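Remember, it's 1-based here, ligands and their atoms both numbered in the order they're listed. This structure is a prediction, so every number in the text was calculated from the model and none was measured.
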Amino acid sequence: MTNPAQTYPLHHNPQLNADGELTHLLSIDGLPREALTNILDIASSFLEVSDRDVKKVPLLRGKSVFNLFFENSTRTRTTFEIAAKRLSADVINLDVARSSTAKGETLLDTIDNLVAMHADMFVVRHAASGAPYLIVDHLRRIGRSDVHVVNAGDGRHAHPTQGLLDMYAIRHYKKDFSSLRVAIVGDILHSRVARSDIHALTTLGVAEVRAVGPQTLLPAAIERMGVQVCHSLQDGLCDCDVVIMLRLQNERMNGTLLPSAREYFQCYGLTPAMLALAKPDAIVMHPGPMNRGVEIDSRVADGPQAVILPQVTFGIAVRMAVMSILAGN
Ligand code: CP
């Protein structure tokens, strides 16, 4: 299996090195279509590794990948760990709750110490938007830009590997992006997944992206991202090919933005009757974690159109692709 160092047009983008090679993955915003399709193509080649008796390839042998999750995670942390192990890396999961962060050590002092332990790659999730950018800038200033950073979700800003695995799932089930109508439904205001998905979908050239939700849960001027705004779930779902449901991110909400979860479900919950407004072969996606009975009915979440668990499986191959491309630099 090859480990190509794909190059892209050079512009100001901390994800690219001086030769225009992808050296960190911080955001889908700013990555050209060829970069996205290259990652999806390489992920395709990794999918079968999980079906082998020996689920390993040696592309990251001898490398140390540090998982730094300053925020909770089930899917992203675990699939990054699986992906790194399938690439034969040594994986170190920093136990943040028991780390010296609790004693007041700064993020950048923690990074300095892990670099001193010969880290080759950091996978970072942080509640603060921009935290992975701060780390990349710090590594540049200490002359260690050879240490790669992958953003595993920063605040409400970006979750690029979730966006990529979502694109992988859409391409897997729908083949071609150009004719697709995609509805992203729910708490877009607080969602880093929505932002990454919108950047990816518009870059890959889908016919239409709809941002569906109440006014209080849509960012101001979201139309500038190239989406159609729908405040009615019925309008938003009509004839669409892909439905991406989002969780209400109560942990990021300041104050009350909704009357109640029950009323939210009545207006924006995806029930079988609502899903019937979409195309008959529409797929239903959700990045997880799901709140059943709040944004999605169990009959839909567990139904034949849901591809929510395959999304998780694709996430391993996509994360393998991202890490192997970065290490190839
Ligand atoms: N989709 C996602 O980021 O899930 P986790 O929070 O469980 O990682």
Below 4.0 angstrom, N of the basic side chain to O of the carboxylate: do Arg61 and Asp90 qualify?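 Asp90 and Arg61: not salt-bridged.
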Within the 4.0 Å heavy-atom shell around Gly288, which atoms of ligand 1 are there?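 By the 4.0 Å cutoff, the relevant atoms are 1 (N), 2 (C), 4 (O).
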If you count the atoms of ligand 1 from 1 in the order shown, which ones are under 4.0 Å from a heavy atom of Gln162?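 Selected atoms, number and element: 1 (N), 2 (C).
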When the aromatic ring centroids of Tyr133 and His157 are compared, is their separation below 6.0 Å? yes
Do the two ring centres, one from His172 and one from Phe314, sit under 6.0 Å apart?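 Yes - the distance between ring centres of His172 and Phe314 falls below the 6.0 Å cut-off.
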Measuring from the heavy atoms of Gly153, does anything fall under 4.0 Å of ligand 1?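 Gly153 does not count as a contact of ligand 1 under the 4.0 Å cut-off.
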Considering only non-hydrogen protein atoms, determine which one is nearest to [atom] and report residue, atom name and distance to 0.1 Å.
| atom | result |
| --- | --- |
| atom 2 (C) of ligand 1 | Thr76 OG1, 3.4 Å |
| atom 4 (O) of ligand 1 | Arg75 NE, 3.1 Å |
| atom 7 (O) of ligand 1 | Thr74 N, 2.8 Å |
| atom 6 (O) of ligand 1 | Arg125 NH1, 2.9 Å |
| atom 1 (N) of ligand 1 | Pro287 O, 2.8 Å |

Heteroatom distance test (Pro289, ligand 1): nitrogen or oxygen, under 3.5 angstrom: no
Any N/O pair Arg77/ligand 1 closer than 3.5 Å: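 Between Arg77 and ligand 1 (N or O atoms, distance only) the closest approach is not under 3.5 Å.
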Under 3.5 Å donor-acceptor, Thr76 side chain and Ser73 backbone: no
I'd like to know if the side chain of Asn113 and the backbone of Asp109 have a donor-acceptor N/O pair within less than 3.5 Å. yes
If you draw a 6.0 Å radius around CZ in Arg262, do more than 12 non-hydrogen atoms from other residues or ligands fall strictly inside?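 Check fails, neighbour count at 12 or below.
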Would you say Asp166 and His159 make side-chain contact, with heavy atoms under 4.5 Å? no
